[in-house]
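Reckoned from all heavy atoms, side chains included, excluding hydrogens, waters and symmetry mates. Reminder, nothing fancy here: chain letters follow the sequence lines and each chain counts from 1.
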There are 2 protein chains.
Amino acid sequence: MRPYEKNPASIYAASFATVRKEARLDRFQDDMRPLITRLIHACGMIEIADRLVWSFNAYTAGREALCAGKPILCDCEMVGAGIIRRYLPAENAVIVTLNDETVPARANEIGNTRSAAAVELWTPHLDGAVVAIGNAPTALFHLLELIEAGGPKPAIILGFPVGFIGAAESKAELARDPRGCEFVALRGRRGGSAMASAAVNALAAGLPEDVQ
Amino acid sequence: MRPYEKNPASIYAASFATVRKEARLDRFQDDMRPLITRLIHACGMIEIADRLVWSFNAYTAGREALCAGKPILCDCEMVGAGIIRRYLPAENAVIVTLNDETVPARANEIGNTRSAAAVELWTPHLDGAVVAIGNAPTALFHLLELIEAGGPKPAIILGFPVGFIGAAESKAELARDPRGCEFVALRGRRGGSAMASAAVNALAAGLPEDVQ
(Lines give C-alpha, C1' and ligand atoms only; values in the text may rest on other atoms or scores of the structure.)
Protein backbone atom coordinates (compact mmCIF):
# COMPACT_ATOMS: atom_id res chain seq x y z
CA MET A 1 0.00 0.00 0.00
CA ARG A 2 1.15 3.53 -0.70
CA PRO A 3 2.11 5.63 2.30
CA TYR A 4 -0.67 7.78 3.75
CA GLU A 5 -0.80 10.68 6.16
CA LYS A 6 -1.10 9.41 9.75
CA ASN A 7 -0.43 12.49 11.82
CA PRO A 8 -3.69 14.01 13.08
CA ALA A 9 -2.33 17.58 13.20
CA SER A 10 -1.00 17.28 9.64
CA ILE A 11 -4.29 15.80 8.43
CA TYR A 12 -6.27 18.68 9.95
CA ALA A 13 -3.84 21.30 8.65
CA ALA A 14 -3.88 19.90 5.12
CA SER A 15 -7.67 19.53 5.18
CA PHE A 16 -8.29 23.07 6.30
CA ALA A 17 -5.70 24.42 3.84
CA THR A 18 -7.55 22.64 1.01
CA VAL A 19 -10.86 24.12 2.14
CA ARG A 20 -9.40 27.63 2.40
CA LYS A 21 -7.83 27.42 -1.02
CA GLU A 22 -10.70 25.86 -2.93
CA ALA A 23 -13.60 27.61 -1.20
CA ARG A 24 -12.09 31.11 -1.32
CA LEU A 25 -13.35 31.81 2.17
CA ASP A 26 -12.30 35.46 2.05
CA ARG A 27 -15.54 36.07 0.17
CA PHE A 28 -17.43 35.47 3.39
CA GLN A 29 -18.19 37.36 6.57
CA ASP A 30 -15.19 37.05 8.90
CA ASP A 31 -16.85 35.44 11.88
CA MET A 32 -18.57 32.82 9.70
CA ARG A 33 -15.39 31.40 8.16
CA PRO A 34 -14.60 28.79 10.83
CA LEU A 35 -18.19 27.57 10.72
CA ILE A 36 -18.18 27.35 6.92
CA THR A 37 -14.84 25.52 7.06
CA ARG A 38 -16.18 22.94 9.52
CA LEU A 39 -19.31 22.42 7.41
CA ILE A 40 -17.25 21.78 4.28
CA HIS A 41 -14.84 19.56 6.22
CA ALA A 42 -17.76 17.48 7.52
CA CYS A 43 -19.15 16.63 4.08
CA GLY A 44 -16.15 16.82 1.74
CA MET A 45 -17.97 19.23 -0.57
CA ILE A 46 -16.42 22.62 -1.28
CA GLU A 47 -19.40 23.69 -3.35
CA ILE A 48 -21.82 23.84 -0.43
CA ALA A 49 -20.28 27.23 0.45
CA ASP A 50 -22.31 28.70 -2.39
CA ARG A 51 -25.57 27.33 -1.02
CA LEU A 52 -25.25 28.45 2.58
CA VAL A 53 -27.46 31.19 3.96
CA TRP A 54 -27.27 32.86 7.34
CA SER A 55 -28.40 35.87 9.32
CA PHE A 56 -25.80 38.52 10.02
CA ASN A 57 -25.58 37.90 13.78
CA ALA A 58 -25.80 34.11 13.60
CA TYR A 59 -22.31 33.36 14.81
CA THR A 60 -22.36 35.84 17.69
CA ALA A 61 -25.81 34.79 18.84
CA GLY A 62 -24.99 31.10 18.71
CA ARG A 63 -21.68 31.57 20.47
CA GLU A 64 -23.23 33.69 23.22
CA ALA A 65 -26.02 31.19 23.78
CA LEU A 66 -23.50 28.40 24.32
CA CYS A 67 -21.32 30.55 26.60
CA ALA A 68 -24.44 31.39 28.62
CA GLY A 69 -24.98 27.68 29.20
CA LYS A 70 -28.06 27.30 27.02
CA PRO A 71 -28.90 23.74 25.90
CA ILE A 72 -28.49 22.29 22.42
CA LEU A 73 -31.65 20.73 21.01
CA CYS A 74 -31.12 18.12 18.29
CA ASP A 75 -33.69 16.41 16.07
CA CYS A 76 -31.97 13.01 16.12
CA GLU A 77 -29.40 10.97 18.01
CA MET A 78 -26.79 11.24 15.24
CA VAL A 79 -26.61 15.02 15.61
CA GLY A 80 -26.12 14.63 19.34
CA ALA A 81 -23.43 12.00 18.80
CA GLY A 82 -21.45 14.35 16.54
CA ILE A 83 -21.22 17.17 19.07
CA ILE A 84 -17.74 17.24 20.59
CA ARG A 85 -18.53 17.54 24.28
CA ARG A 86 -15.10 18.83 25.34
CA TYR A 87 -15.53 21.84 23.04
CA LEU A 88 -18.70 23.04 24.74
CA PRO A 89 -17.94 26.20 26.74
CA ALA A 90 -20.38 25.55 29.59
CA GLU A 91 -20.94 21.80 29.74
CA ASN A 92 -24.12 22.56 27.82
CA ALA A 93 -26.88 19.95 27.87
CA VAL A 94 -27.40 18.11 24.58
CA ILE A 95 -31.06 17.18 24.37
CA VAL A 96 -32.65 14.71 21.93
CA THR A 97 -36.34 14.02 22.53
CA LEU A 98 -37.04 11.86 19.46
CA ASN A 99 -37.08 8.60 21.38
CA ASP A 100 -39.13 9.85 24.31
CA GLU A 101 -41.87 7.33 25.00
CA THR A 102 -44.63 9.92 24.64
CA VAL A 103 -43.61 10.87 21.11
CA PRO A 104 -45.46 8.26 19.01
CA ALA A 105 -48.83 9.06 20.65
CA ARG A 106 -48.24 12.78 20.31
CA ALA A 107 -47.37 12.32 16.62
CA ASN A 108 -50.72 10.60 16.11
CA GLU A 109 -52.56 13.37 17.96
CA ILE A 110 -51.08 16.18 15.90
CA GLY A 111 -51.09 14.26 12.61
CA ASN A 112 -47.41 14.82 12.00
CA THR A 113 -44.17 12.83 12.14
CA ARG A 114 -42.41 11.64 15.29
CA SER A 115 -39.67 14.17 14.53
CA ALA A 116 -42.24 16.98 14.61
CA ALA A 117 -43.89 15.67 17.78
CA ALA A 118 -40.48 15.47 19.45
CA VAL A 119 -39.99 19.21 18.85
CA GLU A 120 -42.98 19.93 21.10
CA LEU A 121 -41.01 18.41 23.99
CA TRP A 122 -38.33 21.08 23.46
CA THR A 123 -40.63 23.84 24.78
CA PRO A 124 -39.29 24.05 28.36
CA HIS A 125 -35.70 24.28 27.05
CA LEU A 126 -36.19 26.34 23.91
CA ASP A 127 -35.94 29.97 24.99
CA GLY A 128 -32.53 31.25 23.88
CA ALA A 129 -31.29 27.75 23.04
CA VAL A 130 -29.28 26.41 20.09
CA VAL A 131 -31.34 24.23 17.76
CA ALA A 132 -29.54 21.79 15.45
CA ILE A 133 -31.68 20.02 12.85
CA GLY A 134 -29.80 17.49 10.71
CA ASN A 135 -32.43 15.07 9.60
CA ALA A 136 -36.13 15.85 9.47
CA PRO A 137 -37.74 18.65 7.42
CA THR A 138 -40.90 18.22 9.50
CA ALA A 139 -38.95 19.06 12.68
CA LEU A 140 -37.90 22.38 11.15
CA PHE A 141 -41.36 23.11 9.73
CA HIS A 142 -43.05 22.35 13.05
CA LEU A 143 -40.56 24.41 15.04
CA LEU A 144 -41.33 27.39 12.79
CA GLU A 145 -45.06 26.78 13.31
CA LEU A 146 -44.69 26.66 17.08
CA ILE A 147 -42.66 29.89 17.14
CA GLU A 148 -45.22 31.55 14.86
CA ALA A 149 -47.96 30.47 17.29
CA GLY A 150 -46.17 32.36 20.07
CA GLY A 151 -43.94 29.63 21.46
CA PRO A 152 -40.47 30.32 22.88
CA LYS A 153 -37.70 31.32 20.47
CA PRO A 154 -34.28 29.71 20.25
CA ALA A 155 -31.27 32.01 19.85
CA ILE A 156 -30.30 30.25 16.64
CA ILE A 157 -31.62 27.57 14.32
CA LEU A 158 -29.00 25.49 12.50
CA GLY A 159 -31.06 24.16 9.60
CA PHE A 160 -29.63 21.11 7.86
CA PRO A 161 -32.52 18.73 7.18
CA VAL A 162 -31.73 16.49 4.22
CA GLY A 163 -33.60 14.73 1.46
CA PHE A 164 -36.17 14.94 -1.27
CA ILE A 165 -39.45 15.80 0.45
CA GLY A 166 -39.57 19.08 2.35
CA ALA A 167 -35.86 19.59 3.02
CA ALA A 168 -35.35 22.36 0.46
CA GLU A 169 -38.76 23.85 1.26
CA SER A 170 -38.29 23.93 5.05
CA LYS A 171 -34.90 25.63 4.74
CA ALA A 172 -36.27 28.12 2.22
CA GLU A 173 -39.04 28.95 4.71
CA LEU A 174 -36.47 29.42 7.49
CA ALA A 175 -34.39 31.75 5.32
CA ARG A 176 -37.46 33.65 4.09
CA ASP A 177 -38.78 34.32 7.59
CA PRO A 178 -36.69 33.14 10.55
CA ARG A 179 -39.37 34.42 12.98
CA GLY A 180 -36.92 36.56 14.91
CA CYS A 181 -34.29 33.83 15.34
CA GLU A 182 -30.76 33.85 14.00
CA PHE A 183 -30.08 31.02 11.57
CA VAL A 184 -27.61 29.16 9.38
CA ALA A 185 -28.93 26.81 6.70
CA LEU A 186 -27.88 24.92 3.60
CA ARG A 187 -30.32 25.48 0.74
CA GLY A 188 -31.53 22.55 -1.29
CA ARG A 189 -31.73 18.82 -0.73
CA ARG A 190 -28.34 18.40 0.89
CA GLY A 191 -27.73 18.54 4.63
CA GLY A 192 -27.44 15.93 7.34
CA SER A 193 -26.48 15.25 10.88
CA ALA A 194 -22.73 15.65 10.32
CA MET A 195 -23.28 19.21 9.11
CA ALA A 196 -25.63 20.05 11.97
CA SER A 197 -23.09 18.75 14.50
CA ALA A 198 -20.25 20.56 12.72
CA ALA A 199 -22.16 23.84 12.99
CA VAL A 200 -22.59 23.34 16.74
CA ASN A 201 -18.91 22.44 17.12
CA ALA A 202 -17.96 25.63 15.27
CA LEU A 203 -20.11 27.79 17.53
CA ALA A 204 -18.59 26.02 20.53
CA ALA A 205 -14.94 26.24 19.60
CA GLY A 206 -14.24 27.61 16.13
CA LEU A 207 -11.37 25.62 14.62
CA PRO A 208 -9.15 24.59 17.55
CA GLU A 209 -7.49 21.92 15.37
CA ASP A 210 -6.20 24.64 13.04
CA VAL A 211 -2.67 25.28 14.25
CA GLN A 212 -1.22 26.40 10.89
CA MET B 1 -46.65 28.93 5.98
CA ARG B 2 -47.48 26.75 3.02
CA PRO B 3 -48.81 23.25 3.72
CA TYR B 4 -46.19 20.52 3.92
CA GLU B 5 -46.28 16.74 3.88
CA LYS B 6 -46.69 15.41 7.44
CA ASN B 7 -47.52 11.75 6.89
CA PRO B 8 -44.43 9.56 7.39
CA ALA B 9 -45.56 6.86 4.97
CA SER B 10 -46.27 9.46 2.27
CA ILE B 11 -42.90 11.14 2.89
CA TYR B 12 -41.04 7.85 2.52
CA ALA B 13 -43.04 6.83 -0.55
CA ALA B 14 -42.48 10.17 -2.28
CA SER B 15 -38.78 10.16 -1.34
CA PHE B 16 -38.15 6.69 -2.68
CA ALA B 17 -40.19 7.43 -5.80
CA THR B 18 -38.00 10.47 -6.44
CA VAL B 19 -34.85 8.40 -6.01
CA ARG B 20 -36.11 5.66 -8.31
CA LYS B 21 -37.08 8.12 -11.00
CA GLU B 22 -34.02 10.35 -10.92
CA ALA B 23 -31.34 7.71 -10.26
CA ARG B 24 -32.60 5.23 -12.87
CA LEU B 25 -31.95 2.37 -10.49
CA ASP B 26 -32.71 -0.28 -13.10
CA ARG B 27 -29.15 0.26 -14.32
CA PHE B 28 -27.88 -1.46 -11.21
CA GLN B 29 -27.57 -5.00 -9.92
CA ASP B 30 -30.96 -6.08 -8.51
CA ASP B 31 -29.93 -6.85 -4.96
CA MET B 32 -28.03 -3.56 -4.59
CA ARG B 33 -30.99 -1.29 -5.39
CA PRO B 34 -32.40 -0.96 -1.86
CA LEU B 35 -28.91 -0.18 -0.54
CA ILE B 36 -28.28 2.42 -3.24
CA THR B 37 -31.70 3.93 -2.53
CA ARG B 38 -30.97 4.24 1.20
CA LEU B 39 -27.57 5.81 0.49
CA ILE B 40 -29.09 8.44 -1.79
CA HIS B 41 -31.93 9.03 0.67
CA ALA B 42 -29.41 9.61 3.48
CA CYS B 43 -27.51 12.37 1.69
CA GLY B 44 -30.05 13.92 -0.71
CA MET B 45 -27.70 13.44 -3.66
CA ILE B 46 -28.90 11.41 -6.63
CA GLU B 47 -25.55 11.73 -8.34
CA ILE B 48 -23.66 9.58 -5.85
CA ALA B 49 -25.12 6.53 -7.64
CA ASP B 50 -22.53 7.10 -10.35
CA ARG B 51 -19.64 7.06 -7.88
CA LEU B 52 -20.52 3.91 -5.97
CA VAL B 53 -18.41 0.78 -6.31
CA TRP B 54 -19.08 -2.65 -4.88
CA SER B 55 -18.11 -6.28 -5.14
CA PHE B 56 -20.62 -8.59 -6.77
CA ASN B 57 -21.52 -10.52 -3.61
CA ALA B 58 -21.52 -7.53 -1.27
CA TYR B 59 -25.20 -7.49 -0.48
CA THR B 60 -25.50 -11.23 0.08
CA ALA B 61 -22.37 -11.40 2.21
CA GLY B 62 -23.41 -8.46 4.35
CA ARG B 63 -26.93 -9.71 4.78
CA GLU B 64 -25.75 -13.21 5.75
CA ALA B 65 -23.25 -11.83 8.25
CA LEU B 66 -26.01 -9.89 10.01
CA CYS B 67 -28.40 -12.86 9.96
CA ALA B 68 -25.63 -15.00 11.47
CA GLY B 69 -25.44 -12.56 14.38
CA LYS B 70 -22.06 -11.06 13.52
CA PRO B 71 -21.27 -7.69 15.11
CA ILE B 72 -21.15 -4.32 13.38
CA LEU B 73 -17.89 -2.42 13.87
CA CYS B 74 -18.11 1.36 13.43
CA ASP B 75 -15.32 3.91 13.30
CA CYS B 76 -17.23 6.58 15.22
CA GLU B 77 -20.21 7.10 17.50
CA MET B 78 -22.27 8.84 14.80
CA VAL B 79 -22.28 5.72 12.62
CA GLY B 80 -23.42 3.66 15.59
CA ALA B 81 -26.14 6.20 16.40
CA GLY B 82 -27.55 5.97 12.87
CA ILE B 83 -28.04 2.21 12.90
CA ILE B 84 -31.72 1.41 13.39
CA ARG B 85 -31.59 -1.23 16.09
CA ARG B 86 -35.05 -2.68 15.46
CA TYR B 87 -34.04 -3.52 11.87
CA LEU B 88 -31.13 -5.75 12.93
CA PRO B 89 -32.01 -9.41 12.26
CA ALA B 90 -30.15 -10.91 15.24
CA GLU B 91 -29.88 -8.16 17.85
CA ASN B 92 -26.36 -7.71 16.49
CA ALA B 93 -23.83 -5.93 18.67
CA VAL B 94 -22.87 -2.43 17.47
CA ILE B 95 -19.28 -1.82 18.55
CA VAL B 96 -17.46 1.53 18.60
CA THR B 97 -13.99 1.44 20.12
CA LEU B 98 -12.90 5.01 19.34
CA ASN B 99 -13.43 6.26 22.86
CA ASP B 100 -11.82 3.31 24.61
CA GLU B 101 -9.40 4.63 27.22
CA THR B 102 -6.46 2.69 25.78
CA VAL B 103 -6.79 4.30 22.34
CA PRO B 104 -4.77 7.52 22.76
CA ALA B 105 -1.70 5.65 24.05
CA ARG B 106 -1.99 3.05 21.32
CA ALA B 107 -2.23 5.83 18.70
CA ASN B 108 1.05 7.26 20.01
CA GLU B 109 2.71 3.84 19.93
CA ILE B 110 1.78 3.10 16.33
CA GLY B 111 2.25 6.69 15.11
CA ASN B 112 -1.22 6.89 13.66
CA THR B 113 -4.56 8.51 14.48
CA ARG B 114 -6.92 7.52 17.29
CA SER B 115 -9.29 6.25 14.62
CA ALA B 116 -6.61 3.88 13.32
CA ALA B 117 -5.63 2.75 16.81
CA ALA B 118 -9.28 2.04 17.60
CA VAL B 119 -9.41 -0.40 14.67
CA GLU B 120 -6.82 -2.59 16.40
CA LEU B 121 -9.35 -3.15 19.19
CA TRP B 122 -11.72 -4.67 16.63
CA THR B 123 -9.52 -7.79 16.23
CA PRO B 124 -11.47 -10.17 18.53
CA HIS B 125 -14.74 -9.26 16.80
CA LEU B 126 -13.58 -8.86 13.22
CA ASP B 127 -13.79 -12.32 11.66
CA GLY B 128 -16.87 -12.36 9.41
CA ALA B 129 -18.16 -9.06 10.82
CA VAL B 130 -19.71 -6.03 9.14
CA VAL B 131 -17.41 -2.99 9.15
CA ALA B 132 -18.94 0.48 8.67
CA ILE B 133 -16.51 3.36 8.24
CA GLY B 134 -18.14 6.78 7.93
CA ASN B 135 -15.50 9.18 9.10
CA ALA B 136 -11.79 8.43 9.15
CA PRO B 137 -9.69 7.49 6.10
CA THR B 138 -6.96 6.29 8.49
CA ALA B 139 -9.38 3.74 9.97
CA LEU B 140 -9.94 2.24 6.52
CA PHE B 141 -6.24 2.38 5.59
CA HIS B 142 -5.20 0.74 8.84
CA LEU B 143 -7.86 -1.97 8.59
CA LEU B 144 -6.53 -2.86 5.12
CA GLU B 145 -3.00 -2.95 6.54
CA LEU B 146 -4.02 -5.26 9.38
CA ILE B 147 -5.82 -7.63 6.99
CA GLU B 148 -2.80 -7.62 4.67
CA ALA B 149 -0.61 -8.52 7.65
CA GLY B 150 -2.71 -11.64 8.22
CA GLY B 151 -5.33 -10.29 10.62
CA PRO B 152 -8.93 -11.52 10.63
CA LYS B 153 -11.18 -10.54 7.72
CA PRO B 154 -14.62 -8.97 8.00
CA ALA B 155 -17.34 -10.29 5.70
CA ILE B 156 -17.87 -6.82 4.28
CA ILE B 157 -16.35 -3.35 4.48
CA LEU B 158 -18.73 -0.43 4.02
CA GLY B 159 -16.29 2.31 3.05
CA PHE B 160 -17.59 5.86 3.47
CA PRO B 161 -14.78 7.93 4.98
CA VAL B 162 -15.18 11.59 4.06
CA GLY B 163 -12.96 14.58 3.45
CA PHE B 164 -9.96 16.00 1.72
CA ILE B 165 -6.99 14.04 3.03
CA GLY B 166 -6.98 10.31 2.35
CA ALA B 167 -10.71 9.73 1.89
CA ALA B 168 -10.60 9.29 -1.90
CA GLU B 169 -7.29 7.42 -1.66
CA SER B 170 -8.40 4.96 1.04
CA LYS B 171 -11.56 4.07 -0.87
CA ALA B 172 -9.63 3.70 -4.12
CA GLU B 173 -7.28 1.30 -2.32
CA LEU B 174 -10.26 -0.69 -0.98
CA ALA B 175 -11.78 -0.94 -4.46
CA ARG B 176 -8.43 -1.82 -6.06
CA ASP B 177 -7.71 -4.65 -3.65
CA PRO B 178 -10.34 -5.52 -1.04
CA ARG B 179 -8.07 -8.22 0.41
CA GLY B 180 -10.66 -10.94 0.06
CA CYS B 181 -13.48 -8.95 1.68
CA GLU B 182 -16.71 -7.90 0.06
CA PHE B 183 -17.17 -4.13 -0.06
CA VAL B 184 -19.32 -1.15 -0.93
CA ALA B 185 -17.71 2.30 -1.20
CA LEU B 186 -18.32 5.79 -2.47
CA ARG B 187 -15.41 7.02 -4.55
CA GLY B 188 -14.05 10.50 -3.98
CA ARG B 189 -14.19 12.98 -1.13
CA ARG B 190 -17.82 12.49 -0.22
CA GLY B 191 -19.05 10.01 2.36
CA GLY B 192 -19.98 10.30 5.99
CA SER B 193 -21.56 8.58 8.92
CA ALA B 194 -25.13 8.89 7.60
CA MET B 195 -24.17 6.91 4.50
CA ALA B 196 -22.29 4.28 6.51
CA SER B 197 -25.31 3.82 8.79
CA ALA B 198 -27.67 3.75 5.81
CA ALA B 199 -25.65 0.95 4.24
CA VAL B 200 -25.90 -1.10 7.43
CA ASN B 201 -29.64 -0.42 7.67
CA ALA B 202 -30.05 -1.60 4.07
CA LEU B 203 -28.19 -4.84 4.74
CA ALA B 204 -30.32 -5.31 7.85
CA ALA B 205 -33.73 -4.65 6.40
CA GLY B 206 -33.73 -3.43 2.80
CA LEU B 207 -36.40 -0.75 2.44
CA PRO B 208 -39.16 -1.71 4.90
CA GLU B 209 -40.59 1.83 4.70
CA ASP B 210 -41.28 1.32 1.00
CA VAL B 211 -44.92 0.27 0.91
CA GLN B 212 -45.75 1.56 -2.60
A/Leu144 versus chain B, the contacting section by heavy-atom distance below 4.5 Å: both

Which atoms of B/Ala14 come close to chain A, meaning under 4.5 Å heavy atom to heavy atom: side chain ones, backbone ones, both, or neither? both

Which residues in residues 37-45 of chain A have any heavy atom lying under 4.5 Å from a heavy atom of chain B? A/Ile40, A/His41, A/Ala42, A/Cys43, A/Gly44, A/Met45

Top contributor to chain A interface from B/Glu77, B/Arg114, B/Glu145 [non-hydrogen pairs under 4.5 Å]: B/Glu145

Between B/Gly82, B/Gly188, B/Gly80, B/Ala107, which has the largest tally of heavy atom pairs under 4.5 Å with chain A? B/Gly82

Passes side chain to side chain contact (heavy atoms under 4.5 Å, CB included), B/Met78 versus A/Val79? Steps please. CA-CA 8 Å; B/Met78 284 189 86; A/Val79 174; 6.0 Å; no

Do the non-hydrogen side-chain atoms of B/Thr138 and A/Ile11 ever get within less than 4.5 Å of each other? yes

Tell me whether B/Arg51 at atom CZ has more than 12 heavy atoms from other residues, nucleotides or ligands lying less than 6.0 Å away. no

Part of B/Ser15 within contact of chain A (heavy atom distance under 4.5 Å): both

If you tally heavy-atom pairs under 4.5 Å against chain A, which of B/Phe164, B/Tyr12, B/Tyr4 wins? B/Tyr4

B/Glu22, part contacting chain A, at a heavy-atom distance under 4.5 Å: side chain

Heavy-atom proximity to chain B below 4.5 Å, by part of A/Thr18: side chain

Give a yes or no on this: more than 12 heavy atoms of other residues, nucleotides or ligands lie within 6.0 Å of atom CZ of A/Arg2. no

Under 6.0 Å from the CD atom of A/Glu109, do we count more than 12 heavy atoms belonging to anything else shown? yes

Determine whether B/Lys6 and A/Thr113 satisfy the following criterion, side chain to side chain contact (heavy atoms under 4.5 Å, CB included), listing intermediate values before the conclusion. CA-CA 6 Å; B/Lys6 299 175 179 178; A/Thr113 64; 5.5 Å; no

Under 4.5 Å from a heavy atom of chain B, the part of A/Glu148 involved: side chain

Heavy-atom pair with the smallest gap, counting every atom of B/Glu5 and A/Ile165: CB-CG2, 4.2 Å

In terms of heavy-atom proximity below 4.5 Å to chain A, should B/Ser10 be classed as side chain, backbone, both, or neither? neither

Please name the pair of heavy atoms, one in B/Arg179 and one in A/Met1, separated by the smallest distance, quoted to 0.1 Å. NH2-CE, 3.4 Å

Answer with side chain, backbone, both or neither: which region of A/Ser197 has an atom nearer than 4.5 Å to a non-hydrogen atom of chain B? side chain

Heavy-atom proximity to chain A below 4.5 Å, by part of B/Glu169: neither

